[in-house]
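Excluded from the calculations below are hydrogen atoms, water molecules and symmetry mates; all remaining heavy atoms, backbone and side chain alike, are included.
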Amino acid sequence: MAIQSPTPKLRVTVNFGVARLHIDNPAKRNAFDFEMWRALPSLMRDIDAEEEARILVIGGAPGMSFCAGADISEFSNLRATSDGGRAYEKANVEAFDAISNFSKPTIAAISGFCMGGGFGIAAACDLRVADAKAVFAIPAAKLGVGYPPAAMSYVVAAVGLQLAFDLFYTARRLTAAEANERGFVSRLFASESFEGGVHALAETIAAGAPLTLRAAKAAIRAAGRLPEAPSHEQCEALASACFDSDDYMEGRAAFLEKREPRFSGR
């Protein structure tokens with residue numbers, strides 16, 4: 001199954017409960033241009049509404065880096081003035097918010113370069129896994145661009161204050177090993193097993209009870225005080241709905257019958 005995208009540079013497929021959003025802009029090393037930033041919120045809503053999709057994996061198209069950041073070639077026109085810069089940053093933040101607000105689990109599958117805006121996209125995802133050869137950086141200080149608080153909050157939540165200061169102040173590159181050690185990514189895969197590892201992880205998560213995963217995501221976002229996180233009351237309602245669901249009965253029955261549960265999301 002495929003979901004229609006507003007731009008060919010963002011492609012979506014859904015198979016066996018796993019939605020894949022492929023970043024596909026080879027001419028710019030998978031950098032995000034303004035069209036892509038503006039397309040992402042509506043695309044995320046369409047994927048969220050697709051019942052078959054139980055988890056979303058965001059990554060580069062096969063054989064490509066995750067994301068080299070924003071398309072710098074657009075800076076001289078779209079970001080030539082302070083007003084243009086603010087409009088561009090608004091589109092960035094709306095894209096990050098759309099990823100974070102996605103109701104189902106999200107995984108950033110990071111290979112190659114994960115730079116600048118690409119780092120922000122990854123930070124807005126729930127989980128981040130990486131090829132052991134991946135490279136990370138936020139080179140804002142070398143470009144003279146500013147990050148608004150809403151965008152910065154995702155980075156700080158993902159890496160902590162000290163590493164956020166370090167990355168922004170120095171613009172240095174972070175290896176996959178250090179990103180894993182610092183907690184930005186949850187696991188590393190060797191290059192030859194990267195795709196298989198990502199797929200296995202996504203399938204494992206997709207097999208879980210959808211209502212439970214949705215409630216857990218909402219509560220974790222609220223506890224982390226992420227932008228536009230659900231309220232305490234909303235989190236309580238989502239948790240309560242789990243106990244009134246068919247999946248709760250199925251989970252108990254499967255446990256007693258010593259079999260794998262078959263969750264419907266109802």
Is a salt bridge present between [X] and [Y], judged by a nitrogen-to-oxygen distance below 4.0 Å?
X    : Y    : answer
R262 : E257 : no
R172 : E178 : yes
K217 : D126 : yes
R266 : E250 : no

Atom [atom1] of [X] and atom [atom2] of [Y]: how far apart are they, to the nearest 0.5 Å?
X    : Y    : atom1 : atom2 : result
E51  : S264 : CD    : OG    : 9.0 Å
D131 : I110 : CG    : CD1   : 10.5 Å
I205 : L127 : CD1   : CG    : 5.0 Å
D48  : L43  : CG    : CG    : 11.0 Å
D97  : K90  : CG    : NZ    : 10.0 Å
L201 : E203 : CG    : CD    : 10.0 Å

Honestly curious: do [X] and [Y] fall in one hydrophobic cluster under the side-chain, below-4.5 Å linking rule?
X    : Y    : value
M115 : I72  : no
V159 : F96  : yes
V156 : L163 : yes
I99  : V12  : yes
F102 : I121 : yes

Enclosure of [X] [atom1] (heavy-atom neighbours >12, cutoff 6.0 Å):
X    : atom1 : result
R225 : CZ    : no
R252 : CZ    : yes
R11  : CZ    : yes

Do any pairs count as a ring-ring contact (aromatic ring centres under 6.0 Å, His included) and have a residue in [range], sequence neighbours left out, and if so which ones?
range            : value
residues 142-183 : Y147-F168, F165-Y169
residues 245-266 : F243-Y248
residues 181-211 : F119-F184, F136-F184

Original post:
Excluding sequence neighbours, so at least two apart, what forms side chain to side chain contact (heavy atoms under 4.5 Å, CB included) with A190?
Top reply: E192, S193
**OP:** Quick one: list whatever passes side chain to side chain contact (heavy atoms under 4.5 Å, CB included) with L238, sequence neighbours left out.
**Re:** R214, A215, A218
Report yes if some heavy atom in the side chain of [X] is under 4.5 Å from a heavy atom in the side chain of [Y]; otherwise report no.
X    : Y    : value
I107 : I58  : no
V129 : S186 : yes
R221 : S100 : yes
K104 : I55  : no
R38  : T7   : no

Could you pull out the closest heavy-atom pair between [X] and [Y], with the gap in Å?
X    : Y    : value
E260 : A254 : C-CB, 4.1 Å
L188 : A177 : CD1-CA, 4.0 Å
S65  : N30  : O-ND2, 2.7 Å
R128 : A158 : NH2-CB, 3.6 Å
R54  : G208 : NH1-O, 4.1 Å
P227 : N101 : O-OD1, 4.1 Å

Under a 3.5 Å distance rule, please check whether [X] uses its side chain to pair with a backbone N or O of [Y] as donor and acceptor.
X    : Y    : result
S245 : C242 : yes
S111 : M64  : yes
D71  : A31  : no

Original post:
Hey, mind stepping through N15 and R20 against side-chain contact (heavy atoms from CB on, under 4.5 Å) and telling me if it holds?
Top reply: CA-CA 8 Å; N15 293 294; R20 296 289 299 254; over 6 Å; no
Original post:
F32: what forms a ring-ring contact (aromatic ring centres under 6.0 Å, His included) with it, not counting sequence neighbours?
Top reply: W37
Original post:
What residue among I47, L56, I3 forms side-chain contact (heavy atoms from CB on, under 4.5 Å) with V14?
Top reply: I3
